[in-house]
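Beneath this line is the structure, given in structure tokens, with notes to follow.
Here is the naming used below: chain letters follow the sequence lines, and residue numbers restart at 1 for every chain. As the structure is a prediction and not an experimental result, all values here were calculated from the model.
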Protein chains: 2
Amino acid sequence: MSVARRPGADHCGVAAAMAVIDGKWKVSLLWELQQRPRRFGELRRLVPGISEKVLAAQLRELETDGIVHREVYDEVPPRVEYSLTPLGRELDEALSSLGAWGTRHLLPAPAPQPA
Amino acid sequence: MSVARRPGADHCGVAAAMAVIDGKWKVSLLWELQQRPRRFGELRRLVPGISEKVLAAQLRELETDGIVHREVYDEVPPRVEYSLTPLGRELDEALSSLGAWGTRHLLPAPAPQPA
DNA sequence: CGGGATCCCAATGGATACTG
DNA sequence: CAGTATCCATTGGGATCCCG
């Protein structure tokens with residue numbers, strides 16, 4: 001998204017971070033990329049429901065914000081790999097406490113495991 | 001926003017948390033409420049640019065999600081106070097590492113203080 | 001295979017006026 | 001004061017087709 005739409009993104013760290021991860025699919029993309037580098041078509045399959053246009057758009061925004069790296073291999077058939085930058089990895093870590101909170105309070109309690 | 005628009009919000013803590021704080025002004029509201037309870041008109045002034053309709057809407061979403069508490073005082077003139085619930089405070093803490101990341105990497109470096 | 005170009009829609013949010 | 005009601009502008013995102 002545009003930072004312009006995030007009030008306070010120029011003076012508040014949370015708002016600035018939100019501006020970067022805003023976008024319907026970005027956290028899913030972060031999640032997939034944090035595991036290993038992925039190709040375009042791979043991501044399309046891993047993130048069901050996303051359209052090609054939007055996938056390309058959100059990847060490019062993440063790239064612009066320095067979160068993902070786009071590596072183009074000059075082969076045929078074409079191959080492009082997306083991976084997290086160091087900054088992207090840090091973001092992922094910063095998100096972990098938020099994820100823990102969400103898991104603790106918002107997600108349905110997991111069924112107790114039998115001994 | 002609606003959880004429905006957040007892919008994975010039913011199984012991923014980060015997505016679930018994002019669903020709760022999604023909304024153009026919610027982090028600003030969290031920021032103001034974390035300091036002390038606030039009245040409606042107070043928030044309207046503290047968060048410049050927000051309209052009454054949107055302020056009311058986002059407050060009610062936060063209330064529905066258990067983040068803010070709405071206390072109505074039966075007086076005249078009417079008075080309503082909004083405050084963070086314990087859950088809201090936890091969310092605020094969970095956001096701190098994200099805020100630190102944003103401050104570190106996205107915000108313009110603060111001018112060095114003279115000794 | 002990895003996208004760019006278009007067209008379309010629904011949801012979010014802005015402005016303003018009105019009410020208990 | 002604390003909202004609701006109404007109307008409207010923006011835009012993120014979906015669908016599809018096309019191209020190197």
Side-chain angles (χ1 to χ4, degrees), chain A residues 1-9 15 18-30 32-33 37-65 68-83, chain B residues 1-9 15 18-30 32-33 37-65 68-83:
Chain A
M1 66 135 14
S2 59
V3 167
R5 287 206 65 214
R6 267 293 149 191
M18 290 291 300
V20 164
I21 53 178
D22 192 359
K24 186 169 174 180
W25 308 96
K26 287 190 184 171
V27 311
S28 300
L29 293 174
L30 251 41
E32 299 300 341
L33 293 176
R38 300 289 194 180
R39 303 183 52 179
F40 187 90
E42 229 178 329
L43 289 171
R44 198 152 60 87
R45 265 171 281 114
L46 287 166
V47 182
I50 194 172
S51 73
E52 299 182 347
K53 165 194 157 186
V54 175
L55 175 55
Q58 308 231 338
L59 282 172
R60 228 169 306 112
E61 286 187 21
L62 288 171
E63 193 193 353
T64 298
D65 291 327
V68 311
H69 171 69
R70 182 172 182 268
E71 183 77 31
V72 182
Y73 298 87
D74 195 359
E75 307 172 353
V76 42
R79 182 161 67 103
V80 179
E81 276 196 354
Y82 296 89
S83 56
Chain B
M1 69 136 12
S2 58
V3 168
R5 287 205 63 213
R6 267 294 149 189
M18 290 291 301
V20 165
I21 54 179
D22 192 358
K24 186 171 175 180
W25 308 95
K26 287 191 185 170
V27 311
S28 301
L29 292 175
L30 252 41
E32 300 300 340
L33 293 177
R38 299 289 193 180
R39 303 181 54 176
F40 187 89
E42 229 179 328
L43 288 171
R44 196 152 56 91
R45 266 172 280 115
L46 286 166
V47 182
I50 196 172
S51 73
E52 298 181 347
K53 165 191 157 186
V54 175
L55 176 54
Q58 307 229 339
L59 281 172
R60 218 155 320 114
E61 285 187 23
L62 288 171
E63 193 193 352
T64 298
D65 290 328
V68 312
H69 171 68
R70 181 171 183 269
E71 183 77 30
V72 183
Y73 298 88
D74 196 358
E75 307 172 353
V76 43
R79 182 161 67 103
V80 179
E81 276 195 356
Y82 296 90
S83 57

In whole angstrom, what separates E75(B)'s CD from dC1(D)'s P?
-> 13 Å
Round to a whole Å and report the spacing from CZ of R6(B) to C1' of dA11(C).
-> 14 Å
Could you list the donor-acceptor pairs under 3.5 angstrom formed by side chains in residues 72-81 of chain B, with sequence neighbours left out?
| from | atom 1 | to | atom 2 | distance (Å) |
| --- | --- | --- | --- | --- |
| E75(B) | OE1 | R79(B) | NE | 3.4 |
| E75(B) | OE2 | R79(B) | NH2 | 3.2 |
| R79(B) | NH1 | E81(B) | OE2 | 3.3 |

Check the distance between dG14(D)'s C1' and L55(A)'s CG and give it to me in whole angstrom.
-> 13 Å
Looking at dG3(D), dC1(D), dG2(C), which one has an atom nearest to any side-chain atom of Y82(B)?
-> dG3(D)
Atom NZ of K24(B) and atom C1' of dG14(C) are separated, to the nearest Å, by 8 Å
Using a cut-off of 4.0 Å between protein heavy atoms and nucleotide atoms, how would you tag nucleotides 15-20 of chain C 5' to 3' with B, S and -?
-> B-B--B
Would you call M18(A) and M18(B) a side-chain contact if the rule is heavy atoms closer than 4.5 Å?
-> yes
Name the nucleic acid region contacted by Y73(B), choosing base, sugar-phosphate or nothing; use a 4.0 angstrom heavy-atom cut-off, strictly under.
-> nothing
Under 4.5 Å between any side-chain heavy atoms of L43(A) and I50(A), yes or no?
-> no
So which of Q58(A), R6(A), R5(A) actually passes side-chain hydrogen bond (donor to acceptor under 3.5 Å, both in side chains) with D22(A)?
-> R6(A)
K26(A) NZ to dG12(D) C1', in whole Å, measures 11 Å
Under the salt bridge (Lys or Arg N to Asp or Glu O under 4.0 Å) test, which residues partner K26(B), sequence neighbours left out?
-> E61(B)
Atom-to-atom span, CD of E61(B) to P of dT12(C) - whole angstrom = 8 Å
Once you build an axis from the first five pairs and another from the last five of the helix from dC1(C)-dG20(D) to dG20(C)-dC1(D), how far apart in angle are they, to 10 degrees?
-> 50°
When the distance from CD of E63(B) to P of dA2(D) is rounded to whole Å, what number comes out?
-> 15 Å
Return the set of residues passing salt bridge (Lys or Arg N to Asp or Glu O under 4.0 Å) with E42(A) (not counting sequence neighbours), or none when no residue passes.
-> R38(A)
Nearest-nucleotide pick for V54(A), side chain only, options being dG3(C), dG3(D), dG14(D) = dG14(D)
Does R45(A) have any salt bridge (Lys or Arg N to Asp or Glu O under 4.0 Å) partners at least two apart in sequence or in another chain, and if so, which?
-> none
Atom pair CZ/OG1 of R70(B) and T64(B) - distance to nearest 0.5 Å | 11.0 Å
So, do V47(A) and L55(A) sit near enough that their side-chain heavy atoms are less than 4.5 Å apart?
-> no
Which ones in residues 38-46 of chain B lie close to DNA chain D, meaning a heavy atom under 4.0 Å from one of its atoms?
-> R39(B), F40(B), G41(B)
Set of residues satisfying side-chain hydrogen bond (donor to acceptor under 3.5 Å, both in side chains) with respect to D65(A), sequence neighbours excluded | none
Atom pair distance, as rounded to whole Å: CZ in R5(A) and P in dT12(C) = 11 Å
Side-chain heavy atoms of L29(A) within contact of V68(A), under 4.5 Å = no
For Q58(A), answer base if it contacts any base atom (sugar-phosphate contacts may also be present), sugar-phosphate if it contacts only those atoms, and nothing otherwise; contact means non-hydrogen atoms under 4.0 Å.
-> sugar-phosphate
Rounded to the nearest 0.5 Å, what separation is found between the CZ atom of R39(A) and the OH atom of Y82(A)?
-> 11.0 Å
